Engineer: 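One structure follows; several queries about it will come next.
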Amino acid sequence: MALANEAVARPRSVSLDVHAVSHAYDLEGRVLDVLDGIELAVRPGEFVALLGPSGSGKSTLLRLAAGLERPRAGALLEDGQPITAPDPSRILVFQDPTLFPWRTVWWNVATGLEARGLLAKHRHRVDDALALVKLETFANAYPHQLSGGMAQRVAIARALVNDPQLLLLDEPFGKLDSLTRLSMQNELLSLWQKVGFTALLVTHDVEEALLLANRVIVFSDRPARIVAEIAVDKPHPRRRDDPELVELRRAVLATLGISADV
Amino acid sequence: MPDIRLQHVSKAFDGTAVLREVDLDIAEGSFVAIVGKSGSGKSTLLRIIAGLEKASAGQIETTDRLAVAFQEARLLPWLSVVDNVSFGLEGRDRKKVALDALVEVGLRAKADVWPLTLSGGQAQRVSLARALVRKPEVLLLDEPFGALDALTKLDMQNLVGELWRAHGWTVVMVTHDVDEAVRLADRVVVLGDGTVQEIVPVPGTGPRDPDDPALAPLAGRLLRLLGVPFAGRRSLELETSPTRLASSLSPVS
Amino acid sequence: MTDAIQALGSGGYASAESAARIWKAGLYAALAWAATAVVTVALPDVVPWGSAGLFAAITGAGAAILTVLAFSVSRLGKAGERIIYYGPWFIALGIWFLLWEVSTAKLGWLPKPFFSPPHGLLNVYVVDGPRLLVCILYTLRLWGLGFFSGIAVGFIAGVALGWSARVNYWGMPVLKLIGPVPATAWIPATFYFFPTTFAASIFIVALSAGIPVAILTASGVSSVNRAFYDVARTLGADNRYLVFKIAIPASLPHVFVGLFMALYYSFAVLVVAEMLGAKYGLGWYIQFQQAYSGYANVYATLIIMSVICAGIIKLLFVARDRLLGWQKGIL
Amino acid sequence: MTIDVDAVLVASSERVPAPAGRASGNLLAPFTPWLSTLAILLLWTAVSAGGLIGPRALPSPFDVLAAAWELTANGRLPAALVASLARVLAGTALGLVLGLGAGLLAGYYRVGEMVVDRPLQMLRAVPFNALVPLFIVAFGIGELMKVSLIAVGVLVPIYLNTFAGVRNVDSKLVEVGLVYRVPQRLIASKILFLGALPSILTGLRFSLAIAWIALVTSETVNTNAGVGYILAQAQRFVRTDQVFLCIVIYALLGILTDYLVRRLEGRLLAWRKSYDGR
């Protein structure tokens, strides 16, 4: 398959293995099960989308993969190594850009390098990352001066500057208006094709998942289990009105229990 | 007989023209979507129809009986849901009217909770109920679902479409989302540079099946009119060349 | 704010329209000031207050400057616009001086020891100037030492309380316990603990400033959006980085609210502390003069105090606007 | 209805699990926040018992309790409490009414702002305690002077917060009222006033702290009743136990009013609760 070849050509991406992961939260004395025995293997350089109803625990899986939390049961492995703590090789991009409002765009992007003491040597990387998302001219702007789409691009640049091998995207375009979202999807796709990270995308948007991902994983309601796995064997760029995709979309929506018809 | 008629409507803020000589007739009982890029003046147009903004020039004929739902639900957080719905109403039966409206949007059970406990979709339903109780002739929607997630958005579109059919309102909806526009509207007005670029009729009545094969080409045409080519069709143009990228983003450690 | 902009706008408009025309408000103001000067010299005081000549000279000079401005203000550009904006205030001030002068010194309507004419206040500065200056310095020293040590300790404690669950667990109840105690109530007790009244006074001022800063810093740090920490941690930040680069900058808006409260409390407590045990200082001076019915001195000191306080408040605003420039648009 | 997982995430992603949370199953859980207070009391007892400082400088908690009993038994303490509380209540009520009125006036009307704002901003720059001599001139040395001093101290923060609160109400909410042609009085009462309430209550809390400071100050001037009077007497006769008792009383009163305002906030701002938890 073409994908496997691509993976070989991308030595800087990693695999992610999720083994029998279950997770729960304590909520006012009650235990709230969120994930239930998730089993998932993401190949290096693959683009996987996670779809599911609101509150189904998709975001939780990303937090576990980022190392922000440890699962109650099971294990997550990055290239065979257990994930125990956050690491700049895996970056999480949130639905809100969560830019630090007290830092300029440049300093927001520089955060990761600064935190690891690499900034002095690698200042140019910040400029390059800003160029990558076409925001060089906004380097000295504060986040409140940016539009939603620009802020999300800064958030992506802030992730990419660290040279992540695994990019975890938590509904990154969910709050953008639909025209901006379309162009951001294109940009993400082109970045993925050029930089070659492994991508795990959580989204509500069936169309977005089908347009971008190699594989779409559908989660059930909480506690989440994997109820469907759909390989999308179409080369990029894909067309929104491709009849096969339209058919897939209908099938996925049906799996989610939502009828688009009236 | 048009319900809303705009003639040569212009609007400028501090000398910058936002709308130029807009002419638009909106027939009674029709569903018109206004699409445009950010800054195309579509929200200003809606605010002028709603009477929240005064036009710099031109005439507007409209009705008093209009209601608006905004992108943010704009509920008063310190009033309960039912009090929000009946806010400003007179008369003894205001509470009953409000409860009926909540039944209609499927949120009767949430009548007595605080708005801040609602999800985005629920808040937007309450905002629709608040519009409903005013028995409007015209309903103005300002990107009402822009902040909702994709699945909730589909639900809300169905609800608005059904309410429109049931009540026979005239609806004017401003949106970024061409899919939403072709799902619901009779006519889609494409706004650009402050003027009406084109008016695209949509066959059938909404809410339509989003997978209706007739809609995709329409949506595509609207996207092209808005200067956004079909997602995926556009060639990827990045100023940074792959080689430079590879060198600039080489591993740091 | 909008008022200011509007008024500035119309002022600019007026000056542009009539580059050659005179500034009428300036003339009226000059008239009022000149009248004050004339009345001060020409009519005799009911009871002499001193410094009448100096006051007349000052108001007379003011009138002269205003007259010159009336003809030249349109050429002064930005500064001129500001002067024109404050035109009505110059008139009001002139009339106020006039009425004040007439009703107190000249006609004696308002009784002597309690009400002083403007040149009576001026006389205080002339006669008692050096002593007042010493008092100002003493007050500023006490306030400065108390306030800055208080906010420094309060800030550090606040960050620790907001950041560490353990410190919060043990510290917050204590803070909640001593927080609502009026700082002035500690005064008698502190005299037992501190070797000098000065040290006790510093402690009281520091306490009054430190507590609001500590409480608000703590609430600021603990209410920082947790997503910021998550983002920073995924980017490789350690705890030190999280505290200094995330928690502290993010909580600054809260800290400034605390600083403004601290300012208000510390001024109030400062005066009391000086009245009770100090040998010098503005509060002491007020107390001292009041005992001898030196009400002109009391007024004169109050004016100095309000100028100092307004100045410090202004400085804090400037500092806030500089440090929180990133916040514009959120507010 | 599903539970919002985002809310759960925030609740559960606390950096360090709070020790209070660990003990939550414990019967003593509600008392654990007071452990540190207890520790202070014990330390106080230990230090005073150790004789390191001497009862003159630091009476033990038992001495203070004894003093409280003595003063209660001879009726001085209850009388003083009544006098002090009455002053604070009267002054706070007066300052609250004036400050709220001025704040709403300035908040609702541009004209009001022009008339009211400048003088009050000037008043803000003067430490109100320094006004004591003026108040003595104006109101004598009786109750009126004390009450009005408290009122002025209370007025300024209430005014500032009311004014800012009204002006900071989201204009988008006002717009809703305009679109639905809601009468002006409803916009003023249900949107602007209720929207400003959180800010007003913050001002109230701040003001009450000021009211106690003002009370202590005013009671140092020619008082023959009130907690301040006991304090002054105790200081003169070097009754350290009574001095500490007065401080403890001021503390308790301060905590009590703080608690009352919190309760008031809990009631009036119930709508925010869910929000703050997020």
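Predicted model only: the values in this text are computed from it and were never measured. Below, chain A is the first sequence line, B the second, and so on; all start at residue 1.
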Engineer: Mind checking the CG-CG spacing from Leu178(D) to Leu52(B)? Nearest 0.5 Å is all I need.
Structural biologist: 6.5 Å
Engineer: Tell me whether Arg134(B) forms a cation-pi arrangement with Tyr180(D), defined as NZ or CZ under 6.0 Å from the six-membered ring centre and within 45 degrees of its axis.
Structural biologist: yes
Engineer: Would Arg130(B) and Val176(D) count as a side chain to side chain contact (heavy atoms under 4.5 Å, CB included) if you check the C-alpha gap in whole Å, the side-chain angles of each, and the deciding distance to 0.1 Å?
Structural biologist: CA-CA 10 Å; Arg130(B) 185 174 58 186; Val176(D) 171; 3.5 Å; yes
Engineer: Distance check, rounded to the nearest 0.5 Å: Phe70(B) atom CZ versus Glu175(D) atom CD?
Structural biologist: 5.0 Å
Engineer: Please state whether the side chain, the backbone, both or neither of Leu75(B) comes within less than 4.5 Å of a heavy atom of chain D.
Structural biologist: backbone
Engineer: Can a donor-acceptor pair be found, under 3.5 Å and without considering hydrogens, that links the side chain of Trp271(D) to the backbone of Leu76(B)?
Structural biologist: no
Engineer: Given the options Val179(D), Leu268(D), Leu186(D), which has more heavy-atom pairs under 4.5 Å with chain B than any of the others?
Structural biologist: Val179(D)
Engineer: Check whether more than 12 heavy atoms from other residues, nucleotides or ligands sit under 6.0 Å from atom NZ of Lys190(D), and answer yes or no.
Structural biologist: no
Engineer: Taking everything shown except Asp170(D) itself, do over 12 heavy atoms lie less than 6.0 Å from its CG?
Structural biologist: yes
Engineer: Could you grab the distance from atom CG of Leu269(D) to atom CH2 of Trp114(B), nearest 0.5 Å is fine?
Structural biologist: 9.5 Å
Engineer: With a 4.5 angstrom heavy-atom cut-off, could you sort out which part of Ala109(B) is near chain D: side chain, backbone, both or neither?
Structural biologist: neither
Engineer: Counting only non-hydrogen atoms closer than 4.5 Å, does Arg65(B) touch chain D with its backbone (N, CA, C, O), its side chain (CB onward), both, or neither?
Structural biologist: neither
Engineer: Measure the CZ-CG distance between Phe87(B) and Leu173(D) for me, rounded to the nearest 0.5 Å.
Structural biologist: 9.5 Å
Engineer: Provide the closest heavy-atom pair for Arg74(B) versus Lys172(D) in the form atom of the first, atom of the second, distance.
Structural biologist: NH1-O, 3.3 Å
